[in-house]
Amino acid sequence: MKYLRLKKAKEITSVLKSGKRLHEKTLTLVYFPSEATAMAVCVGKKFGGSVQRNRIKRLLREAFRGYLPLLTPCKVLLIPKKKEAYFYGEFSRDIGKLLEKERLIERRTG
RNA sequence: CGAGCGGACUACGCGGCCGCGGCGUGCGAAAGCACGGUGAGGAAAGUCCGGGCAUCGCAGGGCAGGACGCCUGAUAACGUCAGGUGAAGGCGACUUCAAGGAAAGUGCAACAGAAAUAGACAACCGCCCCGUCCUUAUGGGCAGGUGCGGAUAAGGUGGAAAGGCGAGGCAAGAGCUCACCGACGGGACGGUAACGCCCCGUGCCAUGUAAACCCCGUCCGAUGCAAGUUUGGGAUCUCUCCACAUAGGGUUGCCCGCCCGGGGAGAUCCGCGAAUAACGCUCGAGCCUAUCGGUGACGGUAGGCCUAGAUAAAUGGCCGCGCCAGACAGAACCCGGCUUACAGGUCCGUCUCGGAUC
RNA sequence: GGCCUUGUGGUCAAGCGGUUAAGACGGCGCCCUCUCACGGCGCAAUCCCGGGUUCGAUUCCCGGCAAGGUCA
C-alpha cells in the first residue's frame, strides 16, 4: 500500500488553512479529505540537528504506515511536539487515537 | 607489577518479519509490480585554508587590499605534511612554538619612580670662596655656596634603569684594567641550508612592543553548483531611462586601458510546468594488494576493483540472542588538509620512569 | 548548500591597549512627603566561552558557541 507525499508549499499551506487540527500529547495532526492519501511530516530546526530530525521523521512515517491499510483517503500533516525523547510506541498510539476519533479508520478487531 | 609516552585501527554484531532511495532485468499502454544487487562518516560537522570545475572580464598595467614568514624537501596546491635547526617545558620516553627585520622610519609604554630612552635633580669626590670652632701659626674639624671641575656606582619604584658577577684601581668613581659568562665583528672547519663548533679581535656600540603602523621576501583577477548549460516561445501596444559624445553603460575597490549601440518596466492574445524539468552529478590528483626507491612525507611499476547520487530530500520499526547500556553524529559538485565533538574497545614499540624478583 | 554580520547590567546601547567599564529606560533600597508622583543618593556586569601576543586585552590574533541576515 503506497501513499503519496505532500511536497508543494501550496498544498501544505492549503491543508494548514482549511484542514482540521487535532492534538494529542506527542503531536498535532492536520487532515483534509481527498481522493488519494498523501502525507507530510513537519520537523523544524528547533528539534535539533539533522540526526535528531531524521529520527523523528522516520518514527512518524513508520507510525503512520501502520494505519495505512485501514485509512480513508485524505491529506495528512504530522507535526510533533518538542519533548525530551521520542518513541515509536507513543507516536503510534496517539495517531491511532486521533484517527479513530475522527472515524478515518475502521475500528480494528484485535 | 604500577605509572606514562608515541603510533595505528575500530565505531555494536548476528538472525527473522514488515518498510524506504537509486540502479539492472523482466512484465505492463501507463501508474506500477516482481526479482536481483546496492545504499552515509571519521569526523559526512565548523566553513578556517588550498585546488579542480564553471561563468564573467578578453585574460593588459599600476595603486590599494589580503594571506603567509627558521631551513631543506613532499605536493596539483596549501596557512598542510615530513625530516632537520633553534628556543621553552619535562627526571625521562617526548611535547609545544605566527620562530624574518627594533642601528630604515613613525607611534605607544598607564600607575609607580629622581629619571622611561635620556637630559636634568638630589646624593658622592676634588678645587675655590665664605662663616664658625680649636691652634701662636702651618694645619685640622663642622655647617654651607645661583661657583668650577670629575663622574654615573648606590637612590623605597617598575615588565624594562645603560652588559652580569668577582677582583684590582681611584680624591670619588666608571670596561678604567683583568678572569669567567654574555654581546658584537672577522676567520677556519662541518653541513645543500637553517645552524653548530673552534680561534682571533673589540671594552661593549643604543629597553620592550611589528597577533601597533611599517620594511623585506613569497603568493593572490572576481564570483561560487542557488556556479552554469538546455527548454522556458512568438506577435502587438504603452510607458520610461540614456545618447549622438571630454557623455552614458559594462568591466574588481580605485585609476589607466579595453569593449558596447541600445537598456528597463508593464499590458493583451495564442500558449501554459515556471520556487519547474533535464543536464551539471559522480571514474576520480580514486581505492585495494604486492614490490622497488627514499630516514620520512611521498613517488615509480605490476595486478585487481567500481564503491550513495537524493531534491519536503532515502538506512527505520518490531522480535530474539550476545549481560540490560552502546559515543559524537547524517552525503547535497568533487578532492587535499586544518580545527572542533566523541562512549567503549583492540593492537604495536631494540619506547620511558619507578618498584619487586632472578 | 554558499556568502556575510553581531554578541557589553533585565532592555537599548557607548567605549583609538592602561577608565572606578559611559549614558538612557526599567528594577531594588534609602531620603524627601501625611501618602503617591516628581526630585535626590546608592546598589546590581564572568564585557558569550577557551587559548595566545603584550608589563597589561572589553579592545589585537586563533579556535569554539549562540543569535540574525542574505541568494531564486
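Convention: sequence-line order gives letters A, B, ...; per-chain numbering from 1.
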Review item, nucleotides 317-320 of chain B N/O atoms under 3.5 Å of protein N/O:
from: B:rG317; atom 1: OP1; to: A:R55; atom 2: NH1; distance (Å): 2.6
from: B:rG317; atom 1: OP1; to: A:R55; atom 2: NH2; distance (Å): 2.6

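- In this structure, B:rA102 forms no base pair with any nucleotide, since neither Watson-Crick nor G-U wobble geometry is met with both distances under 3.5 Å.
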Contacts under 3.5 Å, N or O only, protein and nucleotides 327-331 of chain B:
from: B:rG330; atom 1: OP2; to: A:S50; atom 2: OG; distance (Å): 3.4
from: B:rG330; atom 1: O5'; to: A:S50; atom 2: OG; distance (Å): 3.3
from: B:rG330; atom 1: N7; to: A:N54; atom 2: ND2; distance (Å): 3.4
from: B:rG330; atom 1: O6; to: A:R58; atom 2: NH1; distance (Å): 3.0
from: B:rG330; atom 1: O6; to: A:R58; atom 2: NH2; distance (Å): 3.4

Do any N or O atoms of the protein come closer than 3.5 Å to N or O atoms of nucleotides 67-70 of chain C, and which pairs are they?
none

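- Note that the CD1 atom of A:I95 and the CZ atom of A:R65 stand 12.0 Å from one another [nearest 0.5 Å].
- Because its glycosidic torsion is more than 90° from 0, B:rU311 is reported here as anti.
- Distance noted for atom C1' between B:rA222 and C:rC3: 14 Å (whole Å).
- With a cut-off of 3.5 Å on both pairing distances, C:rA44 has no Watson-Crick or G-U wobble partner at all.
- Regarding the sugar-base torsion, B:rU252 falls in the anti class, its angle being beyond 90° of 0.
- If you take atom C1' in B:rG92 and the same atom in B:rG46, they sit 38 Å apart, rounded to whole Å.
- Summarising the local packing, NZ of A:K81 is surrounded by more than 12 heavy atoms from other residues, nucleotides or ligands at distances under 6.0 Å.
- B:rU301 is paired with B:rA290 under the criterion used here, namely a Watson-Crick or G-U wobble arrangement in which both key atom distances are under 3.5 Å.
- Across the protein-nucleic acid pair, A:K57 atom NZ and B:rG21 atom C1' stand 14 Å apart, rounded to whole Å.
- Comparing the P positions of B:rG15 and B:rU38 gives an interatomic distance of 14 Å, to the nearest angstrom.
- Residues A:Y88 and A:E62 have side chains that never bring a donor and an acceptor to within less than 3.5 angstrom of each other.
- Using a 4.0 Å heavy-atom cutoff across all strands shown, A:R61 reaches sugar-phosphate atoms only and no base atom.
- Heavy-atom minimum distance, A:I56 versus A:P80: CG2-CG, 3.8 Å.
- The same atom, P, is picked in B:rG166 and in B:rA174; the two are 12 Å apart, to the nearest Å.
- To the nearest 0.5 Å, the span separating CD on A:Q52 from CZ on A:F47 amounts to 10.5 Å.
- Between B:rA162 and B:rU157, the distance separating the two P atoms is 15 Å to the nearest Å.
- Annotated as syn: B:rA40, whose O4'-C1'-N torsion sits within 90° of 0.
- A:R53 has its CZ atom 12 Å from the C1' atom of B:rA312, to the nearest Å.
- As rounded to the nearest Å, B:rG344 and B:rA325 have C1' atoms that lie 11 Å from one another.
- In this entry the base of B:rG51 is anti relative to its sugar, with a glycosidic angle more than 90° from 0.
- Atom P of B:rC334 sits at a distance of 16 Å from the matching atom of B:rU311, rounded to the whole Å.
- Comparing the same atom, C1', in B:rA179 and in B:rA212 gives a spacing of 44 Å after rounding to whole Å.
- Nucleotide B:rG42 carries a syn base; the chi torsion (O4'-C1'-N9-C4 or O4'-C1'-N1-C2) is within 90° of 0.
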